[in-house]
Each structure stands twice: as C-alpha cells, then as structure tokens.
Amino acid sequence: MQYPKPMSAQTKILDVQNLEIHFGEGENLVKAVDGISFEINDRETVALVGESGSGKSVSALALAKLVPQPPGRYVGGTIHFKGAEILTLDASSLRKLRGNEIAYIFQEPATSLNPVFRVGYQIGEALRLHRKGVDVKSEVHRLLDLVKINEPDRVAKCYPHELSGGMQQRVMIAMALACDPDLLIADEPTTALDVTVQKSILELLTGLRDEFGLSILLITHNFGLLSGIADRVYVMNQGKIVESGTTEQVLRNPQVEYTKNLIAAIPRLHPDPV
C-alpha cells in the first residue's frame, strides 16, 4: 500500500537552468530549446504553455534525458532533480529514474498505448520492472480504481481500441502512477478529448496531486485549461521562455504580445462586441 508523501514547505523538486538542446548543424541548425530556466516546487502544478513547435515537448523529454542523441544534442545548461544532475547520470541511474521518480503521460493515448497488449499487462510492466515482489494483478486493479475506472478487472483485460479516449487517458495516468513518482509530466493530456472529458481528466490530476503529494508539469497550448489547475505558468515561444508568473498574473495581466495572442485564442461563449 502506498501513502501520501509528507508535506513540505515549498521544497524545490526541479531546477532547470539555461537548458539548450539543438538539432542539426550549420544552415540546418534548429535551437529547439534555447537557454530556458524554470523550477517546480513540491506539490505544485506548473504549466509550460506555447503553440506547437515552441519547444515544450522537447523540454519535457529532456527532464529525464529522453531526447535521442542523435539527432538531438544537449548543448548547455543543467537539470537538477531532487539535488541530482540529470544530464550527468549514467544509463543505470537513468533507468531507475524514469517511471520510478519522473513519470510521463504522453500525448495521444491511442497511439502511446501498444495495440497488441491488454491494458492490464501494460500497466503491470512498470510494476514488474520497478516494484519487484508486488502482487501485479491486485495493484493494477488498485491503480485503475484510483483513476476512477469502473469495473477495473474487466477493463484490465481490454485492448486499447476497446476503450474510449477518456478511458485510454485514465489508463495512461494509471501507468504513470504505478511506481509512485515524485514528478508527473503531462504532455497535452487532453488532446482529442471533448471538453467535458478534458475537465474530468484535469480534475483527476489535481485530486491525485493533492492526495499523493505529486508535483506536476502540465504541457499545453491552451490557456483555457489552466485556471484552477496550475499554480504558475511559463510561456514558451521559439525555444525561449518569454513570460512567467502565477497563473492569475499571466491570465489577468499578460506582458508580452505573444501571451496576449494565446489568451485571445481562448474560445468564449459571449465574444466581446466589435
């Protein structure tokens, strides 16, 4: 049985400084991440917001050194997670870190889940790798129940295509929680879901954060998702962080034109009169 982590007073769990990741060389050089710095505290939800191609997902993958080399190159900067420098860890240490301490919910669960394995087997894979000796079947049941899936035993025997998009996303969250991580990275977790399912997924993540003492990095292009979910926001454009602040500050009083345009793109029930 896993229990909530003890409370801490704004302990910094992640500290990224001047991170640079490049692809290609010479005329084909792309500075996907261009000297960004940000931090996440214990039990905090931080959002990294920007349009497609701004460098958000590459930044997120870098936190567990998942950007493949080549074609990517870690050019500079540091990533400190719970005091350890991620970019200098050896392969064995990285395997222990990934999934166990830093876990990911990737975009598009329909393509992230393996179509030829039942979802219970896929959730159990992390348990078999990182939590040897645990009763895998009962733990898979507990995790599916935790993410509010009805009939967890039946669902565990399903293939991904037999589940709705919302249920697939809940399975992805169960997989991410399997090893009780300290940092959960949710990369566009509501993509391709309708608005009511989006709301339930975000509420689930917030509830799990509060119950189990998680820190969350939420990657999104949609400012409309952040109110009531994220504590702080970093806005990313062309590989750089162009604005940051509390969610309320950035939503109510954006300082740069790029942020203003992203906020203006939020659909409104009653548009402002012309």
Side-chain angles (χ1 to χ4, degrees), residues 1-5 45 57 60-61 63-64 66 91-92 94-194 196-220:
M1 180 66 180
Q2 294 168 297
Y3 297 94
K5 301 175 182 70
T45 298
S57 292
L61 289 172
L63 301 183
L66 285 171
S92 176
L94 286 170
R95 280 194 297 272
K96 294 176 182 177
L97 174 86
R98 294 165 179 163
N100 203 31
E101 297 185 72
I102 298 178
Y104 287 81
I105 305 168
F106 292 108
Q107 294 186 49
E108 299 286 359
T111 55
S112 297
L113 291 167
N114 192 318
V116 302
F117 291 107
R118 300 178 194 273
V119 298
Y121 178 87
Q122 296 186 61
I123 297 170
E125 185 175 15
L127 300 170
R128 289 185 287 272
L129 286 172
H130 293 293
R131 295 176 59 193
K132 299 185 185 302
V134 72
D135 184 333
V136 173
K137 183 177 180 180
S138 65
E139 187 64 5
V140 167
H141 179 115
R142 186 188 73 85
L143 288 164
L144 289 172
D145 186 62
L146 185 67
V147 297
K148 298 180 171 33
I149 285 181
N150 296 324
E151 301 181 272
D153 286 335
R154 180 188 64 80
V155 171
K157 297 173 185 176
C158 291
Y159 291 96
H161 73 271
E162 297 178 292
L163 305 177
S164 68
M167 289 183 72
Q168 289 175 352
Q169 193 60 279
R170 289 173 189 270
V171 168
M172 291 290 293
I173 296 170
M175 292 173 65
L177 294 174
C179 295
D180 192 26
D182 294 302
L183 175 60
L184 185 62
I185 299 171
D187 190 355
E188 300 279 8
T190 60
T191 297
L193 302 177
D194 65 55
T196 56
V197 179
Q198 286 181 10
K199 184 174 184 291
S200 67
I201 292 296
L202 292 172
E203 287 176 347
L204 174 63
L205 289 174
T206 300
L208 292 169
R209 177 199 65 185
D210 296 340
E211 183 176 355
F212 293 98
L214 296 168
S215 300
I216 296 177
L217 177 62
L218 176 64
I219 309 293
T220 185

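All values derive from a computational prediction rather than experimental measurement.
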Can you find a pair of side-chain heavy atoms, one from [X] and one from [Y], that are under 4.5 Å apart?
X: L217; Y: L63; result: yes
X: T45; Y: T206; result: no
X: Q168; Y: S112; result: no
X: P189; Y: Q169; result: yes

Identified side-chain contact (heavy atoms from CB on, under 4.5 Å) counterpart of [X] within the set [options]:
X: I102; options: L97, L184, L94; answer: L97
X: L143; options: I149, L177, I173; answer: L177
X: M167; options: N150, V155, L144; answer: V155

Quick one: [atom1] on [X] to [atom2] on [Y], what's the gap to the nearest 0.5 Å?
X: L218; Y: L202; atom1: CG; atom2: CG; value: 6.5 Å
X: S215; Y: I185; atom1: OG; atom2: CD1; value: 10.5 Å
X: R142; Y: I123; atom1: CZ; atom2: CD1; value: 11.5 Å
X: R131; Y: N100; atom1: CZ; atom2: CG; value: 9.5 Å
X: I105; Y: E188; atom1: CD1; atom2: CD; value: 12.5 Å
X: S138; Y: D145; atom1: OG; atom2: CG; value: 12.0 Å

For the residue pair R128 and Y121, would you count it as a cation-pi contact if the rule is NZ or CZ under 6.0 angstrom from the ring centre and within 45 degrees of the ring axis?
yes

Of the non-hydrogen atoms in [X] and [Y], which two are nearest, and what is the gap between them?
X: A186; Y: L205; result: CB-CD1, 4.4 Å
X: C158; Y: E162; result: CA-OE1, 3.3 Å
X: A126; Y: C179; result: O-SG, 3.6 Å
X: L113; Y: P160; result: CB-CG, 3.8 Å
X: A176; Y: A103; result: O-CB, 3.2 Å

Tell me if a side-chain donor or acceptor on [X] pairs with a main-chain N or O of [Y] at a distance below 3.5 Å.
X: Q122; Y: M175; answer: no
X: E139; Y: G124; answer: no
X: H130; Y: R98; answer: yes

Contacts of Y159 that satisfy ring-ring contact (aromatic ring centres under 6.0 Å, His included) - sequence neighbours left out
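So Y159 forms no ring-ring contact (aromatic ring centres under 6.0 Å, His included) with any residue.
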
Passes side chain to side chain contact (heavy atoms under 4.5 Å, CB included), Y104 versus I219? Steps please.
CA-CA 11 Å; Y104 287 81; I219 309 293; over 6 Å; no

Under the side chain to side chain contact (heavy atoms under 4.5 Å, CB included) criterion, do R170 and I201 qualify, and how do the steps go?
CA-CA 7 Å; R170 289 173 189 270; I201 292 296; 3.8 Å; yes

